[in-house]
Amino acid sequence: MDLAYIPSPSTGVIHLGPIPLRGYAFCIIIGVFVAVWLGNRRWIARGGKPGTVADIAVWAVPFGLVGGRLYHVITDYQLYFGEGRNWVDAFKIWEGGLGIWGAIALGAVGAWIGCRLRGIPLPAWADALAPGIALAQACGRWGNWFNQELYGRATDLPWALKISEGPNRVAGTYHPTFLYESLWCVGVALLVIWADRRFKLGHGRAFALYVAAYCVGRGWIEYMRVDEAHHILGVRLNVWTSIVVFLLAVTYLVLSAKLRPGREAIVEPDRELSGGSEPAAGAGSESATVKADAASGAEAGSATKADAGAVPKAGAAAEATPEAGATAEDKTTGGDEAAGAKAPEAKKL
């Protein structure tokens, strides 16, 4: 008898009249909001403009959902195109089945398009969003709990997950691998935030750290799962994928640190031109410049008039100069004559 375990919900959907509210979808939506909220805060802290992360997420999220579903359908095609299967089920995304590898790959394509339209570097945007993506995965994994899927081997541990009888599953208690991965993703988010503050990661290195750290956890968690999957050399396909992606992420970290050390000084070059208040300020500056030029012109005109008025006065002064000279000469002559008149008198004495 199991004394302690994690219960599973009896249903993963609640009907609000004719509208089904699915727990799996809610977990994904909550994860998207968390990622955009945290990414926006980090983007602003890096010098970006508020709202840019959300604008680019409008491109990245739909691409990511399509990519995640495509990866799942391709790698588990037997679930939809095998004997007795209905291929229409491949479009029922609400029933679960999103591959993170495809979601990140095609989501990056959508993000690249959005970044190109905004004129900002994709690596800088990915760095800002990296811990948020990890938290989004942590939220999304609880969708597997609602659907009673992606659990591990049987166990009697106190935190075992109790699974009920249903299609493609046997009742019992199993390792809650969804919970392991959710907690691991929270740890990855904290790691990226700490490392980014400590080492000033830039040029996509914070995102690469997130990818590498996630792959480490996904490798051992995937090894515990018992759901149907393709194997290569006796190892699950997603374990091999984790190894390959981990090596690529570490390689990028090392090469990027050597080729482009440091962090981007400017992450949104057109910020000064895109805000509503900046152009107004610019217009004010131009207006002030025009006014200053006009004032300078007025001063120059006044100075010119003053100079023109000074010329006649100078001429008048020049005309007055001969009279002054004559007066001086008269005084000199008079003085000389007086001196000459006194000289004979001196001789007489």
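Values reported hereafter were calculated over all heavy atoms of this structure, with side chains retained and with hydrogens, waters and symmetry mates removed.
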Student: Test of understanding: with salt bridge (Lys or Arg N to Asp or Glu O under 4.0 Å), list the residues that count as partners of K92, not counting sequence neighbours.
Tutor: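 K92 satisfies salt bridge (Lys or Arg N to Asp or Glu O under 4.0 Å) with D89 only.
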
Student: Kindly state each residue pair satisfying salt bridge (Lys or Arg N to Asp or Glu O under 4.0 Å) with at least one member in residues 58-77, sequence neighbours excluded.
Tutor: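 Non-adjacent pairs meeting salt bridge (Lys or Arg N to Asp or Glu O under 4.0 Å): zero.
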
Student: Please report the C-alpha distance between W145 and Y151 in whole Å, then the side-chain angles of each, then the deciding distance to 0.1 Å, and finally whether the ring pair (Phe, Tyr, Trp, His ring centres under 6.0 Å) criterion is met.
Tutor: CA-CA 9 Å; W145 177 65; Y151 44 86; over 10 Å; no

Student: Could you check whether atom OH of Y77 has more than 12 heavy atoms from other residues, nucleotides or ligands sitting under 6.0 Å from it?
Tutor: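 At most 12 heavy atoms, drawn from other residues, nucleotides or ligands, come within 6.0 Å of this atom.
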
Student: Decide yes or no on side-chain contact (heavy atoms from CB on, under 4.5 Å) for I243 and V235, but give the supporting numbers first.
Tutor: CA-CA 11 Å; I243 294 173; V235 179; over 6 Å; no

Student: Restricting to non-hydrogen atoms, name the atom on Y174 and the atom on V170 that form the minimum distance, rounded to 0.1 Å.
Tutor: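 Answer, listing the atom of Y174 first, then V170: OH-O, 2.8 Å.
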
Student: Return a table of donor-acceptor pairs under 3.5 angstrom between the side chains of residues 10-22 and protein atoms on other chains or two or more places apart.
Tutor:
from: T11; atom 1: OG1; to: V13; atom 2: N; distance (Å): 3.3
from: T11; atom 1: OG1; to: V13; atom 2: O; distance (Å): 3.2

Student: Please check if the side chain of S242 supplies one atom and the backbone of N238 the other of a donor-acceptor pair under 3.5 Å.
Tutor: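 Present.
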
Student: Output, in order, the C-alpha distance, side-chain angles, deciding distance and verdict of side-chain contact (heavy atoms from CB on, under 4.5 Å) for L106 and F63.
Tutor: CA-CA 6 Å; L106 205 55; F63 273 74; 4.1 Å; yes

Student: How far does CZ of F81 sit from CD1 of I74, to the nearest 0.5 angstrom?
Tutor: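 CD1 of I74 is found 9.5 Å from CZ of F81.
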
Student: Under 4.5 Å between side-chain heavy atoms, chaining through other members, with only Ile, Leu, Val, Met, Phe, Trp and Tyr counted: pull out the rest of the cluster around F33, sorted by chain and number.
Tutor: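 I29, all in the cluster of F33.
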
Student: Any luck finding a side-chain donor-acceptor pair between Y80 and H72 under 3.5 Å?
Tutor: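 There is such a pair (donor and acceptor under 3.5 Å, judged by atom type) between the side chains of Y80 and H72.
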
Student: Do you see a donor-acceptor pair shorter than 3.5 Å between the side chains of E149 and Y24?
Tutor: no

Student: Please check if the side chain of Q148 supplies one atom and the backbone of I163 the other of a donor-acceptor pair under 3.5 Å.
Tutor: no

Student: Using a 6.0 Å cut-off, check whether atom CH2 of W101 has over 12 heavy atoms from anything other than its own residue.
Tutor: yes

Student: Could you pull out the closest heavy-atom pair between V192 and P131, with the gap in Å?
Tutor: CG1-CD, 3.9 Å

Student: Using the salt bridge (Lys or Arg N to Asp or Glu O under 4.0 Å) rule, collect all pairs that involve residues 139-148, keeping only residues at least two apart or in two chains.
Tutor: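 Qualifying pairs: R141-E181.
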
Student: State which residues pass side chain to side chain donor-acceptor pair (under 3.5 Å) with W159; sequence neighbours excluded, sorted by chain then number.
Tutor: Y180

Student: Can you establish whether the number of heavy atoms outside W220 located under 6.0 Å from its atom CH2 is more than 12?
Tutor: yes

Student: Holding to salt bridge (Lys or Arg N to Asp or Glu O under 4.0 Å), I want the full list of residues that pass it with E222, two or more places apart in sequence or in another chain.
Tutor: R218, R225, R236

Student: Looking at residues at least two apart in the chain, or sitting in another chain, which of them share a ring-ring contact (aromatic ring centres under 6.0 Å, His included) with F146?
Tutor: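 Residues passing ring-ring contact (aromatic ring centres under 6.0 Å, His included) with F146: none at all.
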
Student: So with a 6.0 Å cut-off around CZ of F91, is the heavy-atom count from everything else above 12?
Tutor: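 Atom CZ in F91 is not packed in, count stays at 12 or less.
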
Student: Between R205 and P123, is there a donor-acceptor pair closer than 3.5 Å when you use the side chain of the first and the backbone of the second?
Tutor: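 Looks like no, no N/O pair under 3.5 Å.
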
Student: Just by distance, do the side chain of T177 and the backbone of I221 share a donor-acceptor pair under 3.5 Å?
Tutor: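 Checking the backbone N and O of I221 against the side chain of T177, no donor-acceptor pair under 3.5 Å is found.
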
Student: Under the salt bridge (Lys or Arg N to Asp or Glu O under 4.0 Å) definition, can you give me all pairs with a residue in residues 33-44, not counting sequence neighbours?
Tutor: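 Sorted result for residues 33-44: R42-D196.
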
Student: Which pairs, with at least one residue in residues 25-39 and sequence neighbours excluded, count as a side-chain hydrogen bond (donor to acceptor under 3.5 Å, both in side chains)?
Tutor: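 Sorted pair list comes back empty.
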
Student: CD1 of I56 to CG of L129: how many Å apart, nearest 0.5 Å?
Tutor: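 These two atoms lie 9.0 Å from each other.
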
Student: Give the table of side-chain donor-acceptor pairs shorter than 3.5 Å for residues 245-254, with sequence neighbours excluded, one pair per line with atom names and distance.
Tutor:
from: T251; atom 1: OG1; to: L247; atom 2: O; distance (Å): 2.8
from: Y252; atom 1: OH; to: H203; atom 2: O; distance (Å): 2.5

Student: Can you name the nearest heavy-atom pair linking A130 to A206, along with the distance?
Tutor: CB-O, 3.9 Å

Student: Among pairs that include at least one residue of residues 121-132, which meet side-chain hydrogen bond (donor to acceptor under 3.5 Å, both in side chains), considering only residues two or more places apart or in two chains?
Tutor: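 Pairs touching residues 121-132 that pass the test: none.
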
